[in-house]
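Below: the structure, in structure tokens.
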Amino acid sequence: TPNVVIGIVKDPRGNILPNILVEVKDSSGNPVRAFKTNALGQFASATPLTNGVYTIELDDPKKLHQFDVLQLSANGQILMPIEILSHDAREQLRKELFN
């Protein structure tokens, strides 16, 4: 179905992340969809978005993982599944040591 958002959330090592909060906001910053990743790290919208530009914000209730804000354009086409990778303390330490 066009404009349906689906995806998976993982840590930098490829491990799935369950119970991550995923919020889709419209161009005005208003929340239009909210999900929680399932036991397999997946999330999916039951209804399509209207055409437009959206941001996707993620939050880890345990505060172990951080995420970049993503931008999504819905234009009446089928959206490819999104793979979202977190930033965690281990990854941050690796970047500081090797960059």
Side-chain angles (χ1 to χ4, degrees):
T1 304
N3 293 356
V4 170
V5 180
I6 59 173
I8 189 166
V9 180
K10 299 178 180 180
D11 72 10
R13 291 159 300 286
N15 299 312
I16 58 173
L17 296 177
N19 301 315
I20 301 296
L21 304 174
V22 181
E23 190 171 46
V24 179
K25 296 182 178 183
D26 65 17
S27 58
S28 299
N30 300 313
V32 294
R33 301 285 185 283
F35 318 102
K36 185 196 265 189
T37 58
N38 64 16
L40 300 175
Q42 303 166 334
F43 63 91
S45 173
T47 57
L49 299 168
T50 57
N51 288 345
V53 176
Y54 298 87
T55 57
I56 300 176
E57 298 180 13
L58 294 95
D59 182 49
D60 178 6
K62 295 180 180 179
K63 305 298 181 202
L64 299 174
H65 300 273
Q66 298 175 0
F67 301 89
D68 293 331
V69 175
L70 305 172
Q71 190 171 43
L72 170 74
S73 293
N75 56 10
Q77 309 248 335
I78 293 176
L79 301 172
M80 296 301 294
I82 303 167
E83 182 179 64
I84 301 170
L85 299 178
S86 73
H87 307 287
D88 59 12
R90 183 174 166 185
E91 180 67 11
Q92 186 62 34
L93 179 60
R94 187 194 67 75
K95 285 182 181 179
E96 290 172 5
L97 291 174
F98 298 109
N99 287 337

Problem - Exercise: identify the closest heavy-atom pair between Ala39 and Pro18 - result: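 The pair with the smallest heavy-atom distance is CA-CB, 3.9 Å.
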
Exercise for the section: Provide the closest heavy-atom pair for Leu17 versus Thr37 in the form atom of the first, atom of the second, distance. Expected result: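 Nearest pair, atom of Leu17 first, then Thr37: O-OG1, 2.8 Å.
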
Practice task
Would you mind listing every salt bridge (charged side-chain N to carboxylate O under 4.0 Å, His left out) that reaches into residues 70-87, with sequence neighbours excluded?
Solution key: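 Residue pairs passing salt bridge (charged side-chain N to carboxylate O under 4.0 Å, His left out), neighbours aside: Lys10-Glu83.
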
Value rounded to 0.5 Å, distance of [atom1] in [X] from [atom2] in [Y]:
X     : Y     : atom1 : atom2 : result
Leu72 : Lys25 : CG    : NZ    : 15.0 Å
Lys36 : Asp59 : NZ    : CG    : 11.5 Å
Leu79 : Thr1  : CG    : OG1   : 10.5 Å

Under a 4.5 Å side-chain heavy-atom rule over Ile, Leu, Val, Met, Phe, Trp and Tyr, are [X] and [Y] clustered together?
X     : Y     : answer
Leu21 : Ile82 : no
Ile8  : Val24 : no
Leu70 : Ile20 : yes
Ile16 : Val22 : no

Exercise for the section: Taking the side chain as every heavy atom from C-beta outward, state whether Asp11 and Ser86 have any pair of such atoms under 4.5 Å apart. Expected result: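 Heavy-atom side-chain distance check passes, below 4.5 Å.
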
Handout entry: Pairs involving residues 42-76, ordered by first then second residue, that meet ring pair (Phe, Tyr, Trp, His ring centres under 6.0 Å) (sequence neighbours left out)
Key =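 Passing the test, one end in residues 42-76: Phe35-Phe43.
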
Handout entry: Flag, side chain of Arg33 to backbone of Pro48, donor-acceptor distance under 3.5 Å
Key =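 Yes.
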
Practice task
Would you check if the side chain of Asn3 reaches a backbone N or O of Gly76 as a donor-acceptor pair within less than 3.5 Å?
Solution key: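 Confirmed, Asn3 side chain pairs with Gly76 backbone.
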
Exercise for the section: Please list all pairs passing the side chain to side chain donor-acceptor pair (under 3.5 Å) test where one or both residues lie in residues 66-82, with sequence neighbours left out. Expected result: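 Qualifying pairs: Asp68-His87.
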
